[in-house]
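Let me begin by presenting the structure, written as structure tokens, before commenting on it.
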There are 2 protein chains.
Amino acid sequence: MPRSEPGSRDGPVGIKQVAQLAGVSPGTVSNVLNKPERVAAKTRARVEQVIKELGFVRNGSAASLRAGHGRTIGLMMLDLGNPFFTEMARGVEDLMSEREYGVILCGSASQVGREQRNVRMLAEQQVRGVLVTPVSDSGESLARLRERNIPSVMLDHAATRSDQCSVTVDDVAGGRLAVAHLLERGARDIVFVGGPLTTRQNADRRAGARKALREAGCGTLREVIVDEMTPRAGHEAAEHLLAELPDAVFCANDLLAMGVLRVLLQQGVRVPGRVMLIGYDDIEYALASAIPLTSIRQPPYKLGRIAAELLLDECEHPGSHAHQQIMFQPELVVRESTS
Amino acid sequence: MPRSEPGSRDGPVGIKQVAQLAGVSPGTVSNVLNKPERVAAKTRARVEQVIKELGFVRNGSAASLRAGHGRTIGLMMLDLGNPFFTEMARGVEDLMSEREYGVILCGSASQVGREQRNVRMLAEQQVRGVLVTPVSDSGESLARLRERNIPSVMLDHAATRSDQCSVTVDDVAGGRLAVAHLLERGARDIVFVGGPLTTRQNADRRAGARKALREAGCGTLREVIVDEMTPRAGHEAAEHLLAELPDAVFCANDLLAMGVLRVLLQQGVRVPGRVMLIGYDDIEYALASAIPLTSIRQPPYKLGRIAAELLLDECEHPGSHAHQQIMFQPELVVRESTS
DNA sequence: GGGGTATGTTGAAACGTTTTAACATTTCGC
DNA sequence: GCGAAATGTTAAAACGTTTCAACATACCCC
């Protein structure tokens with residue numbers, strides 16, 4: 001049996017072979033794939049049948065070359081080690097998977113250089129658009145995307161230009177919410193643990209904290225600035241506190257708070273009896289800690305999903321797309337650590 | 001000023017325009033990009049200069065179309081919500097970024113169907129290779145990749161075929177390590193909390209636990225099977241234990257253990273005084289819990305990185321590549337919860 | 001300085017789609 | 001039934017790279 005089908009060759013089947021077997025032209029097969037409504041029901045059925053039989057899978061590179069863009073988007077994350085961001089990535093991935101897009105994942109690890117290298121790589125891959133959680137100074141990366149006409153949506157960082165979409169949570173409001181809660185519970189001597197302040201998130205949360213104090217007209221804010229948002233950094237910060245215990249501690253994220261909590265308990269400091277503690281992000285693991293943590297809840301999954309929707313809208317309907325700067329309000333979740 | 005350069009047009013600059021400005025043929029520019037050693041130093045310098053001036057970025061789709069494969073790999077993860085897997089993804093991303101490859105991220109959410117859809121998408125994107133943490137029955141997905149000649153490496157699941165690379169940690173040894181430790185500390189009535197048992201990880205860890213008992217010739221193992229590896233599932237499991245407290249609990253992952261721990265402490269059960277507790281994975285957040293958790297450490301970042309290296313070796317040197325099944329040994333990390 | 005070998009460079013042919021204008025065919029109003 | 005309009009289908013020209021055989025050129029040894 002030399003060869004089973006007239007046109008069958010060894011290589012992967014292409015659109016031509018489908019066309020031949022279905023008795024139509026390659027153009028029609030392409031239409032079945034991309035604009036099914038333009039081809040007669042009967043023809044379409046036949047072609048689809050052949051596609052299934054032959055196990056044909058379209059060559060995305062060729063499609064992308066001809067069409068000028070492919071079915072992938074880029075996702076640039078600030079910190080792949082932080083559950084807040086990976087949860088966001090999950091939201092993005094879920095939506096893109098539904099719409100049959102691929103997601104090219106990049107981590108900038110908060111370094112401008114790495115961010116720029118990755119933007120170049122994404123441009124090379126002909127991504128249709130890019131989602132970015134920008135490092136403090138990403139102007140250049142975004143400009144490069146713009147000059148290549150690659151749409152982008154900023155994630156967890158508000159856009160200042162009106163020709164840019166962004167999806168964020170109000171961190172100033174979050175900081176205010178946290179400290180207002182502590183004040184209401186009677187705390188006066190409050191410590192903010194967070195950093196580095198060059199990141200927008202930290203700066204905003206601190207600003208919110210100060211705002212709450214101003215509004216209340218009472219209380220003082222001490223600060224311990226750390227250079228990482230990890231449990232380890234929380235440990236170190238807590239050591240500084242032991243000398244002069246405050247009434248309450250506001251940590252710029254839950255990982256820090258978990259570190260602080262552990263040191264306090266080890267030293268026999270009652271939480272919340274002696275010191276109240278509040279975190280930020282409301283990650284799942286915060287609930288599971290020995291003294292469940294009061295925290296500020298953000299919806300990372302939703303953020304990712306909505307940003308992805310916005311990006312796709314801009315990519316697929318550049319004409320009618322209206323740029324939006326969406327800002328969610330965070331939510332206070334009260335648990336034992338402040339009760 | 002009608003046009004600044006003779007060949008300058010509006011669209012993105014291509015290899016031809018670089019060639020023209022540098023006074024060479026397009027083929028030579030391509031060689032500068034892909035086989036720099038084949039082109040004379042002087043010519044190369046000139047071309048590189050022009051590339052920089054024009055801000056030329058190669059069109060990856062065209063390259064991929066002609067060459068038959070692109071500079072991306074696929075990464076299929078079992079569970080994007082689990083720090084163990086996201087840490088693995090970080091290892092993969094780091095290496096691929098160094099080698100200037102893009103990583104297309106997919107989550108299978110443990111569903112065979114989603115896995116297969118994603119494999120199809122990856123094939124369409126012409127990925128060079130795929131890293132898979134397979135769901136329990138992924139034979140078909142892997143077969144599809146093979147018939148398309150797309151190399152793959154299995155992650156966190158040992159390959160049974162010798163023409164397949166895999167990188168794993170010995171979960172049987174891990175389970176044995178955990179329970180042997182508990183027995184050594186004097187526990188006799190031990191409970192295993194984990195599930196679902198259809199996942200290889202759970203089945204192996206349980207098998208390891210049983211092995212430890214057999215070897216010791218003493219002790220008994222009760223089991224609470226859950227259907228999710230989350231803190232919430234841990235809570236529920238712990239409720240079952242309260243009626244008849246065991247000497248020790250071995251959880252198939254740290255998230256479960258954190259959930260169990262919280263319920264025990266809430267009920268006034270001393271840990272480790274009354275019940276010892278051991279987890280699995282040694283995730284960062286486990287250390288930060290109120291009673292630091294004894295756990296079985298696995299090196300997810302390293303797993304990801306090594307698997308990525310293996311995959312690239314297979315992709316780039318298919319001739320000389322030797323398939324390997326690498327298995328790491330896990331490590332016992334003793335902390336307060338068993339001391 | 002002539003035959004042979006390295007060493008660089010080139011031109012043109014792919015790669016597998018999408019797109020477009022042009023061509024058939026059917027449908028419809030009258 | 002006739003012409004016009006609507007509906008399907010097609011052939012051929014892109015898209016921007018890589019590859020490969022062929023061609024120059026420089027170098028070397030006797």
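Nucleic acid contact for B:S61: none, since no nucleic acid atom lies under 4.0 Å from a heavy atom of the residue.
Each salt bridge (Lys or Arg N to Asp or Glu O under 4.0 Å) pair with one or both residues in residues 141-150 of chain B, not counting sequence neighbours, appears once here: B:E140-B:R144. Sorted by first and then second residue, the pairs that involve residues 113-127 of chain B and meet salt bridge (Lys or Arg N to Asp or Glu O under 4.0 Å), not counting sequence neighbours, are A:R58-B:E124, A:E93-B:R114, A:D94-B:R114, B:R120-B:E124. Residue pairs satisfying the salt bridge (Lys or Arg N to Asp or Glu O under 4.0 Å) criterion with at least one member in residues 28-48 of chain B, sequence neighbours excluded, are absent.
The distance from atom NZ of B:K42 to atom C1' of D:dA26 is 14 Å, rounded to the nearest whole Å. Here D:dG8 presents its P atom at 14 Å from CZ of A:R46, a figure rounded to the nearest Å. Atoms CG (B:L65) and C1' (C:dA13) sit 13 Å apart, rounded to a whole Å. Spacing between atom CZ of A:R38 and atom P of D:dA6 amounts to 15 Å, rounded to whole angstrom units. Between the P atom of C:dT17 and the CZ atom of A:R71 lies a distance of 15 Å, rounded to the nearest Å.
B:H69 pairs by the ring-ring contact (aromatic ring centres under 6.0 Å, His included) definition with nothing, not counting sequence neighbours.
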(message) Return a single string for nucleotides 17-25 of chain D, one symbol per nucleotide in 5' to 3' order, where B is base contact, S is sugar-phosphate-only contact and - is none, cutoff 4.0 angstrom on heavy atoms.
(response) BBB------

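A:D163 and A:H323 share no donor-acceptor pair across their side chains, judged by distance under 3.5 Å alone.
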Side chains of residues 76-87 of chain A: which donor-acceptor partners sit under 3.5 Å, not counting sequence neighbours?
{"unit_1": "A:D79", "atom_1": "OD1", "unit_2": "A:G81", "atom_2": "N", "d": "2.8"}
{"unit_1": "A:N82", "atom_1": "OD1", "unit_2": "A:F84", "atom_2": "N", "d": "2.9"}
{"unit_1": "A:T86", "atom_1": "OG1", "unit_2": "A:P83", "atom_2": "O", "d": "3.2"}
{"unit_1": "A:E87", "atom_1": "OE1", "unit_2": "A:R90", "atom_2": "NE", "d": "3.4"}
{"unit_1": "A:E87", "atom_1": "OE2", "unit_2": "A:R90", "atom_2": "NE", "d": "3.4"}
{"unit_1": "A:E87", "atom_1": "OE2", "unit_2": "A:R90", "atom_2": "NH2", "d": "2.7"}

